[in-house]
Amino acid sequence: MADRINVLVIGKGGREHALAWRLKQSPRAGNVFCAPGNAGTARDGVTNVPIDPNDADKLIKVCAKEAVGLVVIGPEDPLCNGLADALRAKGIKVFGPSKDAARIEGSKVFAKELMRHADVPTAEFSVFDHPQSARDWITTREYPVVVKADGLAAGKGVVVCKTGEEAVKAVERIMTREEFGAQAGRRIVVEKRLEGEEVSVLALVSGHTFLPLPACQDHKAVHDGDQGPNTGGMGAYCPAPVATPELMRDLESSVFFPIIHAMKRQRFPFQGTLFAGLFLTNQGPRVLEFNCRFGDPETQVLMMRLKTDLLDLLEAVADERLQEYENIEWDARPSVCVVLCSGGYPGKYTNGKVITGIAEADALPGVKVFHAGTKFDDQNRVVTDGGRVLGVTALGDTLAEAKARAYEAVKLITFTGMHYRTDIADKALKPKPVVPPAEPPKLPARFRKPPTG
Ligand code: GLY
């Protein structure tokens, strides 16, 4: 067919498996490649090419050899390193922002200053390039803070602090001991810690046009009840009912519109997926961070529900024709993704554990198992190859049914050390505990009002 196009997806996580799986279903898709991909992409008829996502020269060569018509870049690293620019310079069509625009994720200082400039609601903050001035500022705050290394630090450069002492220690770790790398820790952002429910809102962006996708909720902490250290994401569901239609309209006008226009005005227009990580505080929504890419595991739950042709959509973004779409079509059924992890993750873990039960889980109705850290061993068995191993994703007529199906599928899968959260989607399913109103303070007798009437 004349207008079939070959597509190359860059990355090897669950997000890239979900994108490649959806792209492969497009009637316009020719060959779909993934660099480097995982065992799941290979099983779904995608051709894995063993090239590092940051090796622009080799990726350019493979695009020429395989007549690739669209490159879709998944992770933030190659975007922040300028992969989209390098490919475009060779005339290759790309879905993903330029290096300049990707600074919205690659530099916390850049993102916060841009938010301030565009009047996007975010936490109060200050920027420091010296540990002593940061310590002085922290000791004069009367609220808990978050300390963020400026640069990318494999998702680890953000320290949420309960006390001033913890914050001072975080400054020491980031700036003095350079635990997250010398470059990432050269400057820091210290900001007021936000309280509230978290929600992820992603939008496709091209020039002045943007199309928000249904809101999702991720689960960052490793253990149930949001306990334990943060991870890349232990599971997600979509749509997140906490993001009401009114909230989504508010986010369009107070977050997406101003930031996208500010980027365009400053001559680094955004093209790709802009991901707003938000806190819904008592004072209204506040942007915690922007990411310059699809989320992981948000993409798994989104792709499960997407009905519009993904290839058409991503190409329209790359061609600056997104205004042709008034809407994107979604399956009305909610989706839930449960991430299965290697023993020890998010700390140290070992790879190479044989995984069983994937085919049985995949065979359940409404279930798709997206691979992340997996590969084939020399006996062609699927084995673990990363911290987050699989994203077991299910659709259901209700959110409760999607959750039940996802966990039914999880029960069929085993590997040594496997762990996962058991409460994905509970925030939307279980009513929040009613907090009794605080006892009125006991006032000394002279302040008590005399009884009236
Ligand atoms: N799920 C959070 C992220 O993709 O950064």
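Because the structure is a prediction, the values reported are computed rather than measured. Atoms within each ligand, like the ligands themselves, are counted from 1 in listed order.
Heavy atoms of F275 come nearer than 4.0 angstrom to ligand 1 in at least one pair. Under the 4.0 angstrom criterion for non-hydrogen atoms, G233 is not in contact with ligand 1. Within the structure, the closest approach of A236 to ligand 1 does not fall below 4.0 Å when heavy atoms are considered.
Polar contact check, D296 against ligand 1: a nitrogen or oxygen pair lies under 3.5 Å apart. Annotation: E289 places no N or O atom under 3.5 Å from an N or O atom of ligand 1; distance criterion only.
Near G295, meaning under 4.0 Å from one of its heavy atoms, ligand 1 places the atoms 4 (O). Ligand 1 places these atoms under 4.0 Å from at least one heavy atom of G232: 1 (N), 2 (C). For ligand 1 and N291, the ligand atoms under 4.0 Å from any heavy atom of the residue are 5 (O).
Closest to atom 1 (N) of ligand 1 by heavy atom, among D218, L202, T231, is D218.
Scanning both residues, A134 and I188, for their nearest heavy atoms gives CB-CD1, 3.8 Å.
Taking the six-membered ring for Trp and thresholds of 30 and 60 degrees, F370 and W21 have ring planes more than 60 degrees apart, a perpendicular arrangement. Classified by interplanar angle (parallel below 30°, tilted 30° to 60°, perpendicular above 60°), the ring pair F210/F256 is parallel.
Salt-bridge check for D44 with R22: failed, with every basic side-chain N at 4.0 Å or more from each acidic carboxylate O.
Only the side chain of E298 comes within 4.0 Å of ligand 1, judged by heavy-atom distances.
A distance-only check finds a donor-acceptor pair linking the side chain of N38 to the backbone of G40 [under 3.5 Å]. Between the side chain of S335 and the main chain of V301, a donor-acceptor pair closer than 3.5 Å is present.
For R333, the side-chain hydrogen bond (donor to acceptor under 3.5 Å, both in side chains) test picks out D331, with sequence neighbours left out. Looking at residues two or more places apart in sequence or on another chain, you find a side chain to side chain contact (heavy atoms under 4.5 Å, CB included) between V62 and L8, V49, I51, E66.
When hydrogens are left out, the protein atom nearest atom 5 (O) of ligand 1 is R293 NH2, 2.8 Å; that is the closest non-hydrogen contact.
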